[in-house]
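Have a look at the structure below, then the notes.
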Protein chains: 2
Amino acid sequence: MTTIRELARRSGVSVATVSRVFNTPEVVSQHTRQRILDLAAEIGYLPNGSARTLATKKSNMVGLVWDTDHRRPGWRHPFLQEILVALKTALSAHGLNLLMLAGHDAAGPDDGQRYVRAVRQHNLDGAVIIDNGTRDPAVLALVEAQVPCVALDLRVDGPTSTYITSDNAGGAALAVRHLVERGHRRIATITGPLRTWPGAERLVGFRAALAGAGLPLADSHVIEGDFYLDGGHAAMNRLLALDDRPTAVFVAGDEMAVGAMRAAQAAGLRIPDDIAIIGFDDIEVAALIPPGLSTVAQNKPGFGTAAAEALVAMLHGGDDPPKPTVLPTTLVVRGST
Amino acid sequence: MTTIRELARRSGVSVATVSRVFNTPEVVSQHTRQRILDLAAEIGYLPNGSARTLATKKSNMVGLVWDTDHRRPGWRHPFLQEILVALKTALSAHGLNLLMLAGHDAAGPDDGQRYVRAVRQHNLDGAVIIDNGTRDPAVLALVEAQVPCVALDLRVDGPTSTYITSDNAGGAALAVRHLVERGHRRIATITGPLRTWPGAERLVGFRAALAGAGLPLADSHVIEGDFYLDGGHAAMNRLLALDDRPTAVFVAGDEMAVGAMRAAQAAGLRIPDDIAIIGFDDIEVAALIPPGLSTVAQNKPGFGTAAAEALVAMLHGGDDPPKPTVLPTTLVVRGST
DNA sequence: CTGAAAGCGCTTACAG
DNA sequence: CTGAAAGCGCTTACAG
């Protein structure tokens with residue numbers, strides 16, 4: 001481990017000058033700068049991050065808050081991997097690294113300050129929050145502590161926070177208009193958990209689009225789901241048992257939609273002839289299960305990229321946090337409609 | 001940000017004593033220890049991680065090397081999420097955090113030392129490597145630099161490294177024996193990339209089990225795939241074009257197996273009557289696509305847990321790295337066989 | 001059991 | 001454009 005002192009000695013300058021070469025290069029003379037840089041490469045000098053962080057209070061690390069719901073540990077985010085890739089790539093382009101923050105399962109007290117503590121402890125510059133629908137107080141604490149935060153699919157509000165979300169209402173409307181074009185008039189929905197932002201907004205968009213098309217909506221045609229496959233299955237069974245069974249269903253999540261399709265098929269119905277189904281997300285399976293799940297696609301890498309951009313803007317940027325980003329959605333028609 | 005100095009002042013002791021309370025509590029008197037602890041909780045004191053790391057050279061952070069293959073950026077690990085959850089949970093139980101290391105796409109030179117550099121720079125205690133099949137020199141550099149490393153599905157060898165893998169050969173044998181029991185005698189395989197450890201080992205196990213059953217294996221019945229869906233599709237088409245078309249195929253990855261099933265169905269074959277297919281991994285879709293993909297299940301969280309344990313053993317442990325962990329696999333029979 | 005002091009490797013006003 | 005010096009917040013022999 002060669003240190004700045006060693007590099008300074010070898011270059012015949014003070015440590016201050018070496019430090020400047022790496023921090024404010026424009027301030028040191030072209031000649032000595034080059035000499036130091038060459039020598040640094042030669043002896044493999046690397047500034048020690050901890051020392052730097054200690055001196056500057058900036059770590060160039062941002063926390064990733066991604067907890068599994070402890071009540072439903074098996075739950076998988078529909079496209080975590082795509083988000084992670086895009087996020088990591090975009091952040092590293094700005095010299096930022098991602099530190100995964102431990103959640104509930106961690107050793108120690110599971111209190112509402114655990115993320116704030118982690119941020120303070122590691123001098124994190126900010127945090128990216130992936131919502132898991134649990135309304136975790138520890139997440140809100142982060143926002144309240146005025147840590148620069150960007151949340152995905154979770155509406156947070158504060159002087160140092162913003163969020164990224166898809167155009168959930170618009171996407172739902174896309175789905176409804178598609179079903180209407182296909183001639184459906186009795187359209188039901190299986191929603192996400194209404195306490196989540198995507199769950200709530202997709203229902204809003206669904207209702208609005210139905211109203212816009214002049215179609216009625218029976219109360220029994222709105223069933224709250226949970227984003228899980230089994231939940232979609234159960235909800236569909238309830239719809240199928242109805243006297244005024246719908247001819248089409250907007251299922252507000254592909255995972256649930258897969259469950260719903262299975263329920264319909266198990267009931268002996270043909271898709272899309274007896275019942276049409278359209279989902280939301282465009283996860284990989286959507287294309288794989290027959291007859292192919294029509295769906296509303298989200299811009300998956302867009303979440304990661306937008307989150308990184310918003311965070312960087314907050315770290316370098318001015319007083320106000322960036323406006324929330326709303327990513328457009330697109331209709332993907334497959335065999336199920 | 002209250003510091004150790006502040007806490008010391010308030011408690012009426014030296015910073016050294018406060019430090020000991022958090023590092024070697026047994027060495028300070030019960031009474032003062034309690035007083036300091038109480039006060040610490042009251043004023044919300046947290047040791048500064050950077051200062052600690054600077055002084056001790058230990059960061060309690062481990063690097064996560066998980067690069068997407070830049071030639072195939074769309075590739076998703078079959079069960080990254082399960083690994084991540086288990087890894088994060090197990091590490092945090094030991095007070096370790098995971099820092100995601102930027103890969104190819106990062107700004108700056110994409111050289112073979114980039115992971116080693118990141119480790120030095122952040123004083124990482126070790127690294128967990130998730131193989132992406134690219135034989136990245138930067139990964140080997142990590143092993144050679146004697147950073148404590150545990151690799152998943154990548155055989156690394158060094159005084160500070162070990163690896164975790166499934167019983168790939170055993171799993172393949174499980175699949176073959178199942179097919180043989182079903183009465184198949186003309187069994188082909190679509191392998192993974194043979195440069196990868198799982199790809200190679202599953203073929204070894206396949207051959208051995210076939211030989212054990214006294215069955216012949218035509219060269220044309222071994223096709224090297226790439227773990228991708230399209231690759232499985234293409235490979236299956238080649239098998240179907242054969243004069244001595246197999247009656248069963250062991251496809252060494254579920255993603256490929258799904259592609260293979262589609263190819264068979266597109267060719268008008270019934271599964272499993274005309275051709276039986278068995279995969280490897282047990283990814284989520286396996287249960288979802290009709291008629292259900294029989295497969296060899298890997299212990300997904302086991303990778304994360306075992307990796308954490310191995311790493312912790314190396315960090316605290318003795319001279320020799322832990323022996324490689326080989327996770328057992330299990331047969332999952334569904335409709336495709 | 002406790003304290004004084006040196007040291008970890010940087011950065012950054014302050015002078016010059 | 002450069003250097004000397006203080007400081008960032010800890011830990012840990014060394015004494016006592």
Q) What's the CG-C1' distance between A:Asn23 and D:dT2, to the nearest Å? A) 15 Å

Q: Looking at every strand, decide which applies to B:Ser29 at a 4.0 Å heavy-atom threshold: base, sugar-phosphate, or nothing.
A: sugar-phosphate

Q.
Between A:Thr53 and A:Asn123, do the side chains contain a donor N or O and an acceptor N or O under 3.5 Å apart?
A. no

Q: Please determine if a side-chain N or O atom of B:Thr17 lies less than 4.0 Å away from the OP1 or OP2 oxygen of C:dG3.
A: yes

Q.
From CD of A:Glu26 over to P of D:dC1, roughly how many Å is that when rounded to an integer?
A. 10 Å

Q: Using whole Å, report how far CD of B:Gln30 lies from P of C:dT2.
A: 11 Å

Q. Side-chain N or O of B:Arg5 less than 4.0 angstrom from OP1 or OP2 on D:dG9?
A. no

**Q.** Nearest-Å distance once atom P is located in both D:dA13 and D:dG9
**A.** 23 Å

Q: Give a yes/no answer on whether the side chain of A:Lys57 brings an N or O atom under 4.0 Å of OP1 or OP2 in D:dG9.
A: yes

Q) From the list C:dT11, D:dT2, D:dC8, which nucleotide is the closest neighbour of the side chain of A:Leu54? A) D:dC8

Q) So what does B:Tyr45 hit on the nucleic acid, given a heavy-atom distance under 4.0 Å: a base, only sugar-phosphate, or nothing? A) sugar-phosphate

Q) Going by distance alone, is a donor N or O of one side chain under 3.5 Å from an acceptor N or O of the other, for B:Asp136 and B:Thr134? A) no

Q) Around atom CG of A:Asp157, are there more than 12 heavy atoms of other residues, nucleotides or ligands at under 6.0 Å? A) no

Q: Find which nucleotide of DNA chain C each of B:Ala55 and B:Gly12 is nearest to by heavy atoms, and output the residue with the more 5' nucleotide.
A: B:Gly12

Q) What does A:Leu7 touch in the nucleic acid at a heavy-atom separation under 4.0 angstrom: a base, only the sugar-phosphate, or nothing? A) nothing

Q) Rounded to the Å, how far apart are A:Arg52 CZ and D:dC10 P? A) 21 Å

Q) Taking the side chain of A:Arg20 as heavy atoms from C-beta outward, which of C:dC10, C:dA4, D:dA4 is closest to it? A) D:dA4

Q.
In this structure, how many angstroms lie between the C1' atom of D:dT11 and the CD1 atom of B:Ile4, rounded?
A. 8 Å

Q | Side-chain N,O (A:Asn48) to OP1/OP2 (C:dC10) below 4.0 Å | A | no

Q) So do B:Val28 and B:Ile36 actually touch side chain to side chain, heavy atoms under 4.5 Å? A) no

Q) Heavy atoms under 4.0 Å, any strand shown: does B:Thr32 hit a base, just sugar-phosphate, or nothing? A) sugar-phosphate

Q. Counting only side-chain N and O atoms of B:Thr3, is one of them less than 4.0 Å from OP1 or OP2 of D:dG9?
A. no

**Q.** A:Val13, nearest nucleotide to its side chain (from D:dG3, D:dT11, C:dT11)
**A.** D:dG3

Q | Inter-nucleotide C1' distance (D:dT12, D:dG16), Å rounded | A | 16 Å

Q: Measure from CZ on A:Arg9 to C1' on D:dT2 and round the result to the nearest Å.
A: 19 Å

Q: Give the nucleotide from the list D:dT11, D:dA4, C:dT2 with an atom nearest to the side chain of B:Val28.
A: C:dT2

Q) What are the two closest heavy atoms between A:Ile164 and A:Phe303, and how far apart are they? A) O-CE2, 3.9 Å

(Q) Quick test of your reading of the model: are A:Lys88 and B:Asp67 salt-bridged, counting only N-O distances below 4.0 Å? (A) yes

Q: Nearest whole angstrom, please: distance from the P of D:dC8 to the CG of A:Asn123.
A: 14 Å

Q. When the nearest nucleotide of DNA chain C is assigned to A:Val18 and to B:Arg33 on a heavy-atom basis, which residue is associated with the more 5' position?
A. B:Arg33

Q | Interatomic distance where CD belongs to A:Glu6 and P belongs to C:dC10 [whole Å] | A | 11 Å

Q. Does D:dC1 pair with anything, Watson-Crick or G-U wobble, both distances under 3.5 Å, and if so, with which nucleotide?
A. C:dG16

